[in-house]
There are 2 protein chains.
Amino acid sequence: MPSPYFTKLTKIMLLTQTEENYLKAIFKHSEEAGKGVATTNAIAIEMNTAPASVTDMLRRLSEKKLINYEKYKGVSLTDSGRQVATELIRKHRLWECFLVDKLDFEWDEIHDIAEQLEHVNSPELIRRLNEYLGTPRFDPHGDPIPDEHGNIPEREFITLSNLEPGQTGELIGLQEHPDSLMKFLKKINVAIGTKITVLEYNEFDESLYIQINNEKKGGLSRKVSDNLLMKVI
Amino acid sequence: MPSPYFTKLTKIMLLTQTEENYLKAIFKHSEEAGKGVATTNAIAIEMNTAPASVTDMLRRLSEKKLINYEKYKGVSLTDSGRQVATELIRKHRLWECFLVDKLDFEWDEIHDIAEQLEHVNSPELIRRLNEYLGTPRFDPHGDPIPDEHGNIPEREFITLSNLEPGQTGELIGLQEHPDSLMKFLKKINVAIGTKITVLEYNEFDESLYIQINNEKKGGLSRKVSDNLLMKVI
DNA sequence: TAAGACTTTTAGATTAATCTAAAAATATTT
DNA sequence: AAATATTTTTAGATTAATCTAAAAGTCTTA
């Protein structure tokens with residue numbers, strides 16, 4: 001309707017998967033990382049490309065007004081860039097819920113599949129998927145799922161490494177979730193929701209002696225306990 | 001394991017989405033259409049590209065041994081090309097089942113979404129999705145779903161236009177399913193499984209006077225009745 | 001603060017997928 | 001079987017996304 005009266009042109013810009021992935025990488029290394037801006041190098045490492053390729057893409061994303069970019073000064077997302085990024089994260093995490101809740105995948109098997117599914121473009125699909133899953137707020141790794149407006153639920157947590165001997169907490173998420181960590185946790189029977197009691201703190205290597213769900217006891221390295229996000233109970 | 005003893009190198013060739021779409025188009029215009037070979041022009045129309053682009057792609061698919069191609073002679077799928085094509089069709093139709101059965105989409109809303117989902121690459125995902133859906137043999141349009149080996153269930157049918165007055169049939173599929181046809185059928189309350197009785201044949205324009213599910217009566221053009229695949233009951 | 005180290009950008013190529021225009025091959029019709 | 005029409009291929013460009021090598025900018029540290 002070419003009328004002079006319409007006020008808001010919600011331009012639906014079709015992005016390539018690559019562009020989408022760059023926006024996610026920028027989100028991760030600026031806002032999510034707590035820094036204001038992402039650096040070219042960080043993005044290159046995240047995307048597994050040469051820094052020169054990143055510079056090139058930054059120029060293009062900047063032209064499309066998805067990022068704020070000044071040469072040599074790092075990069076941050078504009079409002080519309082942030083909207084795209086959080087929508088992708090929302091889609092990724094909803095699909096992860098689907099894979100675990102409905103198709104019985106395990107939490108260490110879903111990332112690569114969700115990485116593909118997140119690029120499927122259909123707002124109605126996501127609306128219905130979200131409803132079908134019961135509007136989950138967290139994904140199978142405990143990561144918060146942004147809502148339609150890009151608001152991300154806050155989690156209050158303390159890392160297991162910061163619990164005092166005697167305290168018990170419930171696992172609500174992971175700081176990072178590399179495959180190796182998830183496989184290890186599976187082996188010792190720790191998952192989202194598991195209760196862990198700190199029995200002893202070992203000063204020498206900063207490891208913990210813990211009890212899992214009031215049953216098995218065992219040791220846990222500092223590196224692992226740093227990655228476990230707990231709610232004290 | 002670089003051993004001289006392994007015999008079968010199941011080369012998993014990663015194809016681009018575009019290449020995959022060409023293979024589907026070739027399948028549609030050769031085997032599925034009952035012809036031996038697909039022509040450059042037919043593929044160009046199907047893919048919405050210039051014939052020159054098709055020629056280019058044919059050269060590349062031929063190099064990858066996915067098609068049999070001789071200049072000016074048309075093109076057919078090799079065994080591995082056919083395997084890729086039927087897997088795509090399988091994925092497409094399983095996703096369509098998911099969209100309708102689980103997310104309550106209607107049959108005229110699912111094609112474009114399934115067109116994207118079919119390119120997600122994860123055999124395990126499809127294995128589980130198929131199981132989750134109860135191993136359906138036909139999709140929401142009544143189209144047969146190829147099995148893992150590319151075997152396509154046969155349907156026996158007669159078009160509604162070939163039923164005699166007095167005969168009743170059940171709708172089991174559509175010859176083609178453009179949006180306009182599906183929307184029309186929705187409006188007159190005809191869907192897969194609907195029973196249709198032919199009451200009269202109108203010689204002048206070859207239209208039919210029919211009764212739907214022993215209730216409403218109405219007329220149907222030849223063009224529509226040619227597209228309705230029925231099982232006589 | 002100047003030298004060296006590191007980061008980032010520029011320059012120039014490459015590949016996949018596309019286009020238009022023109023040439024070549026095949027098919028159809030008189 | 002010529003002439004004409006249609007289909008298909010070739011030739012030469014273009015765009016997105018990537019690369020390597022080299023130049024430019026910024027940071028760190030001696």
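A note on names: the letters A, B, ... follow the listed sequences, proteins ahead of strands, and every chain is numbered from 1.
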B/His29 meets the ring-ring contact (aromatic ring centres under 6.0 Å, His included) criterion, sequence neighbours left out, with none
Please report the distance, rounded to the nearest Å, between [atom1] in [X] and [atom2] in [N].
{"X": "B/Met47", "N": "D/dT8", "atom1": "CE", "atom2": "P", "result": "16 Å"}
{"X": "B/Ile45", "N": "D/dT7", "atom1": "CD1", "atom2": "C1'", "result": "11 Å"}
{"X": "A/Leu61", "N": "D/dT18", "atom1": "CG", "atom2": "P", "result": "11 Å"}
{"X": "B/His29", "N": "D/dT7", "atom1": "NE2", "atom2": "P", "result": "14 Å"}
{"X": "B/Ile43", "N": "D/dT8", "atom1": "CD1", "atom2": "P", "result": "9 Å"}

Output all residues satisfying side-chain contact (heavy atoms from CB on, under 4.5 Å) with [X], sequence neighbours left out; order by chain, then residue number.
{"X": "A/Pro51", "value": "A/Thr40, A/Asn41, A/Ala44"}
{"X": "A/Ser161", "value": "A/Thr159, A/Arg222, A/Ser225, A/Asp226"}
{"X": "A/Phe157", "value": "A/Arg155, A/Ile172, A/Leu229"}

Exactly one candidate in B/Lys91, B/Arg90, B/Lys24, B/Gln17 meets side-chain hydrogen bond (donor to acceptor under 3.5 Å, both in side chains) with B/Glu118; the answer is B/Lys24
Show every donor-acceptor pair shorter than 3.5 Å between a side-chain atom in residues 139-146 of chain B and any protein atom, with sequence neighbours excluded, or say none if there are none.
residue, atom, partner, partner atom, Å
B/Asp139, OD1, B/His141, N, 2.7
B/Asp139, OD1, B/Gly142, N, 3.1
B/Asp139, OD1, B/Asp143, N, 3.0
B/His141, ND1, B/Glu96, OE1, 3.0
B/His141, NE2, B/Trp107, O, 2.8
B/Asp143, OD2, B/His177, NE2, 2.6

Going 5' to 3' through nucleotides 3-16 of chain C and flagging B where a protein heavy-atom sits under 4.0 Å of the base, S where only the sugar-phosphate is that close, and - otherwise, we get ----SBBB-----S
